[in-house]
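Side-chain atoms are counted along with the backbone in the values below, which use heavy atoms only and exclude waters and symmetry mates. Just so you know, these numbers come straight off a predicted model, no measurement behind them.
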Amino acid sequence: MVFIRYAASLLMQEQQKHQTSNNEINKDQNKQAESNPEKVNGESTPNGMAAEKGEEEVEKTEVTPTEGDMTEQEKKLNTISATKETFGENHIDIIKKAALFAGSLSNTEFDIRFNPDIYSDGVIHAHEGTEQFEREKKIIIDAAHFVLGVQIPTFIRECQEHTIAPLDGTTLTEMLHQRGINMRYLGTVTAIVQNAALLTYLYKLLVSELITRSAKHIYKTYMQGVGMVNLAAAKTQFLNCYLSSFANPLPAKTEDEMNGYGRKKNKKKKNRTLPTIANDNNGWASLTPLDLWSSIKTEIKDYFHFELEGCEDKDTMLQNLQIQKVTLLREFCRRMGLQLLIREYVFDGKQKPTFTEDDILNVFPQPKHINPVASDAYNFYQSGQAKIQQGLYRDATELIQESLNLFTNVYGPMHSEIGTCMRTLAKLHYINAELPEALDMQEKAVMISERCNGLDHPTTMTEYMHLALYCFASNQVTNALKLMYRARYLAMLVFGEDHPEFAQIDSNIGLVLHGVGEYDLSIKFLQSALYNSIQFHGAKSLKAALGYHLLARVQSCKGNFRGALKNEKGAYQIYKQHYGETHDKTKESSECLKYLTHQAVTLQKTMNEIKKAGPRAAMQPFNITPPSFSSVLETIDMINGIFRIPFTVRAVPKEGGEKKTEENGEEMAKETKEKQTEKEKENKQTEVKKEDEGMDEPSSPSSLEEEPSSPVSDLASDDSVTR
């Protein structure tokens with residue numbers, strides 16, 4: 001792009017110069033025409049012709065050009081041909097200048113190739129000291145300046161705006177690589193994020209990634225030279241020194257040796273060590289936790305140019321940074337291909353080491369590779385996403401279905417991109433109120449993600465949450481809660497509770513529990529969601545306002561009107577600050593405040609009368625409206641960024657449409673008449689019973705008072721941030 005822009009600017013400059021030179025030539029011609037009005041283009045004008053008195057014939061005189069006129073015309077032709085030749089030569093100069101400006105390795109075309117070994121100390125270059133060598137150096141320097149000055153600040157700004165939120169090391173690496181940021185800049189990114197108030201989760205993730213990668217570098221050199229017999233023991237020793245709180249772990253033994261089996265064979269060798277080969281490297285047996293962690297800190301400083309300050313001890317460092325040892329173990333095993341036994345590992349035990357040789361089950365290779373891209377299918381998918389943003393769901397469905405077919409033809413039936421397409425198709429089916437199709441498609445997406453990405457991958461958690469939403473919409477509340485709890489457990493295992501994604505997960509769980517009637521559990525999850533929203537979005541953000549409002553809804557259903565009034569006031573203040581008093585959101589929040597105030601006053605009056613008059617006091621009725629299923633589902637859809645199309649808006653088939661509407665109208669009229677007759681019969685029966693039993697009493701004035709309708713249960717927040 002730099003090459004094209006610079007070449008275009010140079011071409012524009014040359015064209016302007018050429019145009020100015022032509023304008024100057026035209027001006028000279030006009031001046032000469034004005035100075036010799038009798039001669040224009042070498043021919044005589046009517047004013048220069050000889051005219052005689054009367055009706056005499058005009059004598060035509062041919063004017064022969066002089067030597068001065070010939071020289072002027074030749075000069076003009078020479079200048080025009082010279083400008084054409086120079087303009088053609090300038091094209092070559094323009095390409096050359098643009099190539100030099102863009103750092104191209106060639107003077108005749110745009111040629112950018114990066115030499116990653118140009119600054120390597122152990123590499124000897126054949127063309128060192130030449131102009132080509134200096135150009136290759138300049139390209140690397142320009143690329144580094146671009147990454148440091150543009151790409152890294154853009155990545156941090158996107159994290160601050162919460163357009164992206166990496167959950168583990170794999171997603172962090174993918175996001176950095178998508179923006180052209182190499183992992184050797186990890187220390188630079190960590191130093192910038194260190195002082196950011198709303199990016200504490202990102203700093204924690206970056207530090208854990210630094211520790212994992214440094215441990216991987218040390219592990220590679222540590223395992224070189226270890227024989228096949230001692231592989232499990234060496235890996236166990238490294239893991240104990242890396243994560244166990246045991247002070248000085250010795251090389252691990254098997255369970256048979258720890259239980260005392262084989263003592264008769266080993267009576268003569270009391271100080272028996274593990275069997276080794278003479279040529280094997282036995283340095284792994286002397287590794288200690290202090291040596292390992294000091295080496296990790298040194299590797300972080302030397303390789304990533306970042307220093308962990310105030311971290312003298314391993315346990316204190318992890319406690320200060322709130323990094324889970326399970327998270328470090330998961331990341332390390334995924335990077336090194338270690339398969340461990342599934343059991344509950346106690347990392348804080350100081351009586352015995354955490355790992356034994358029997359915990360190492362298998363080792364898998366982890367080769368680096370580049371995934372092939374099906375460009376046509378990817379373009380169809382991007383076009384479908386654009387149609388979704390425009391609201392053209394039918395066109396989007398066709399495009400994404402075509403993308404799914406192309407992906408299946410290229411990759412086969414089992415690939416992560418196919419799962420992404422199926423998730424989008426399930427979302428489109430759900431928007432169009434096609435719940436069975438949405439459930440079927442989303443179940444396939446979950447299965448593909450589990451097999452291709454893994455059971456604990458962040459994409460699999462997203463698939464679980466979408467499937468839970470569709471299950472709840474289909475009245476499968478138990479399955480929805482199981483899936484949501486599963487996604488929350490995996491997120492806790494991968495990172496911890498201090499992540500922005502937990503606000504959405506806890507809000508979904510709280511709303512489902514609210515719809516079921518489990519108000520106490522719902523309040524706990526919604527309070528956790530509100531805490532995360534305040535921590536990562538700010539106390540005056542729209543996310544916090546939504547959290548306050550949801551919490552007020554549940555507390556009002558429970559009867560805690562004071563707490564609901566307090567939380568709704570917080571939401572009202574935020575909406576008023578962002579939108580003003582005339583906005584719809586502020587007005588709806590104000591109506592909620594009036595309703596909650598009325599309910600709180602009514603409840604307090606009732607409590608005061610009970611205290612004065614005892615149990616015979618007349619209680620003023622007040623309504624606690626339970627949440628409707630439609631309002632809860634609408635709020636859950638809004639939180640997840642889904643806006644469904646009502647069933648009445650869907651297109652009706654043209655053929656036979658009028659007949660169907662007439663039949664439906666007649667059936668509705670019959671049903672309403674039957675219902676009216678049934679109600680009249682019931683009213684007559686109740687009146688007869690009252691007359692017989694003498695139960696006709698005048699209703700009290702308090703019972704005739706109209707209660708205000710509850711706007712809390714039906715109010716759904718739709719602020720722009722959650723969209």
**Q** To the nearest 0.5 Å, what is the distance between NE2 on H537 and CG on L542?
**A**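 With rounding to 0.5 Å, NE2 (H537) is 10.5 Å from CG (L542).
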**Q** Given side chains that start at C-beta, do those of V554 and L550 come closer than 4.5 Å, heavy atoms only?
**A**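 No, side chains not in contact.
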**Q** Taking side chain as C-beta onward, heavy atoms only, is Y548 less than 4.5 Å from S533?
**A**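 No, too far: nothing below the 4.5 Å cut-off.
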**Q** If the threshold is 4.0 Å, N to carboxylate O, is there a salt bridge linking D168 and R334?
**A**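 So D168 does not pair with R334 through a salt bridge.
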**Q** What donor-acceptor contacts under 3.5 angstrom involve side-chain atoms of residues 399-407, with partners at least two apart or in another chain?
**A**
| residue | atom | partner | partner atom | Å |
| --- | --- | --- | --- | --- |
| S403 | OG | A377 | O | 2.9 |
| N405 | ND2 | Q401 | O | 3.2 |

**Q** Is there a side-chain contact between K482 and C471, using heavy atoms and a 4.5 Å cut-off?
**A**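 Sidechains of C471 and K482: no contact.
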**Q** Could you walk me through whether Y242 and K314 pass the side-chain hydrogen bond (donor to acceptor under 3.5 Å, both in side chains) test, one step at a time?
**A** CA-CA 9 Å; Y242 182 46; K314 168 184 62 177; over 6 Å; no
**Q** Taking only residues at least two apart or on different chains, which pairs with a member in residues 407-429 satisfy salt bridge (Lys or Arg N to Asp or Glu O under 4.0 Å)?
**A**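 For residues 407-429, and leaving out neighbouring residues, the salt bridge (Lys or Arg N to Asp or Glu O under 4.0 Å) pairs sorted by first residue read R423-E463.
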**Q** Is the side chain of S245 donor-acceptor paired with the backbone N or O of F347 at a distance under 3.5 Å, no angle test?
**A**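 Such a contact is found between S245 side chain and F347 backbone.
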**Q** First locate atom OG of S383, then atom OH of Y378, and finally report the distance between them rounded to the nearest 0.5 Å.
**A**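 Rounded to the nearest 0.5 Å, the OG-OH separation comes to 10.5 Å.
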**Q** May I ask you to decide if L287's main-chain N or O and D291's side chain share a donor-acceptor pair within less than 3.5 Å?
**A**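 No, because the side chain of D291 does not come within donor-acceptor range (under 3.5 Å) of the backbone of L287.
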**Q** Could you verify whether a donor N or O on one side chain and an acceptor N or O on the other, from H217 and E299, lie under 3.5 Å apart?
**A**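 Yes, because at least one side-chain N or O of H217 sits under 3.5 Å from a partner of the opposite role on E299.
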**Q** To the closest 0.5 Å, what do you measure between CZ (F502) and CZ (R488)?
**A**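 Here the interatomic distance stands at 5.5 Å.
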**Q** Is it the case that Y381 and T424 place a side-chain donor and acceptor less than 3.5 Å from each other?
**A**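 Note: Y381 and T424 side chains meet the donor-acceptor criterion.
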**Q** Mind checking the CG-CG spacing from D440 to L435? Nearest 0.5 Å is all I need.
**A**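 Rounded to the nearest 0.5 Å, the CG-CG separation comes out at 12.5 Å.
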**Q** Any side-chain donor paired with an acceptor under 3.5 Å for T354 and K325?
**A**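 Absent: no donor and acceptor within the cut-off.
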**Q** Can you tell me if E437 and Y470 form a side-chain donor-acceptor pair at under 3.5 Å?
**A**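 Their side chains do not contain a donor-acceptor pair, so the 3.5 Å distance test is not met.
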**Q** Identify every side-chain donor-acceptor pair in residues 205-212 under 3.5 Å, counting partners at least two apart or on other chains, and give the distances.
**A**
| residue | atom | partner | partner atom | Å |
| --- | --- | --- | --- | --- |
| S208 | OG | K204 | O | 3.3 |
| S208 | OG | L205 | O | 2.7 |
| E209 | OE1 | R335 | NH2 | 3.2 |
| E209 | OE2 | R213 | NE | 2.8 |
| E209 | OE2 | R335 | NH1 | 2.9 |
| E209 | OE2 | R335 | NH2 | 2.8 |
| T212 | OG1 | S208 | O | 2.8 |

**Q** In Å and rounded to the nearest 0.5 Å, what is the NZ to CE distance from K297 to M317?
**A**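 Reported value, rounded in 0.5 Å steps: 7.5 Å.
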**Q** E501 side chain to A165 main-chain N or O, any donor-acceptor pair under 3.5 Å?
**A**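 Looks like no, no N/O pair under 3.5 Å.
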**Q** Fit a plane to each ring of F536 and Y201, take the angle between them on a 0 to 90° scale, and name the class: parallel (under 30°), tilted (30 to 60°) or perpendicular (over 60°).
**A**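 F536 vs Y201 ring planes: perpendicular.
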**Q** Would you list the pairs meeting salt bridge (Lys or Arg N to Asp or Glu O under 4.0 Å) in which at least one residue belongs to residues 516-529, sequence neighbours left out?
**A**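 Residue pairs passing salt bridge (Lys or Arg N to Asp or Glu O under 4.0 Å), neighbours aside: D520-K558.
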**Q** Would you say the side chain of I152 lies within less than 4.5 Å of the side chain of I181, judging by non-hydrogen atoms?
**A**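 In contact.
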**Q** Taking the six-membered ring where the residue is Trp, are the ring centres of Y485 and Y464 under 6.0 Å apart?
**A**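 Centroid distance Y485-Y464: not below 6.0 Å, so no.
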**Q** Under the 3.5 angstrom rule, does the side chain of D637 hit a backbone N or O of I642 as a donor-acceptor pair?
**A**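 Looks like no, no N/O pair under 3.5 Å.
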**Q** I'd like to know if the side chain of Y411 reaches the main chain of P372, judged simply by a donor and an acceptor atom lying under 3.5 Å from each other, with no hydrogens or angles considered.
**A**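 At least one qualifying donor-acceptor pair exists.
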**Q** With a 4.5 Å limit on heavy-atom distance, are the side chains of F332 and L239 in contact?
**A**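 A side-chain contact exists here, since the closest heavy-atom pair is under 4.5 Å.
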**Q** For residues V363 and L231, determine if any side-chain heavy atom of one lies less than 4.5 Å from a side-chain heavy atom of the other.
**A**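 In short, these two side chains do not touch, never coming nearer than 4.5 Å.
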**Q** Just verifying a value: how many Å separate L490 CG and F495 CZ, rounded to the nearest 0.5 Å?
**A**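 Taking CG in L490 and CZ in F495, the distance rounds to 15.5 Å.
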**Q** Report the residues that fulfil side chain to side chain contact (heavy atoms under 4.5 Å, CB included) with L198, sequence neighbours left out, ordered by chain and then residue number.
**A**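 If we apply the side chain to side chain contact (heavy atoms under 4.5 Å, CB included) test to L198, skipping adjacent residues, there are no hits.
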**Q** List for me each residue that meets side chain to side chain contact (heavy atoms under 4.5 Å, CB included) alongside V346, sequence neighbours excluded, and say none if there are none.
**A**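 None.
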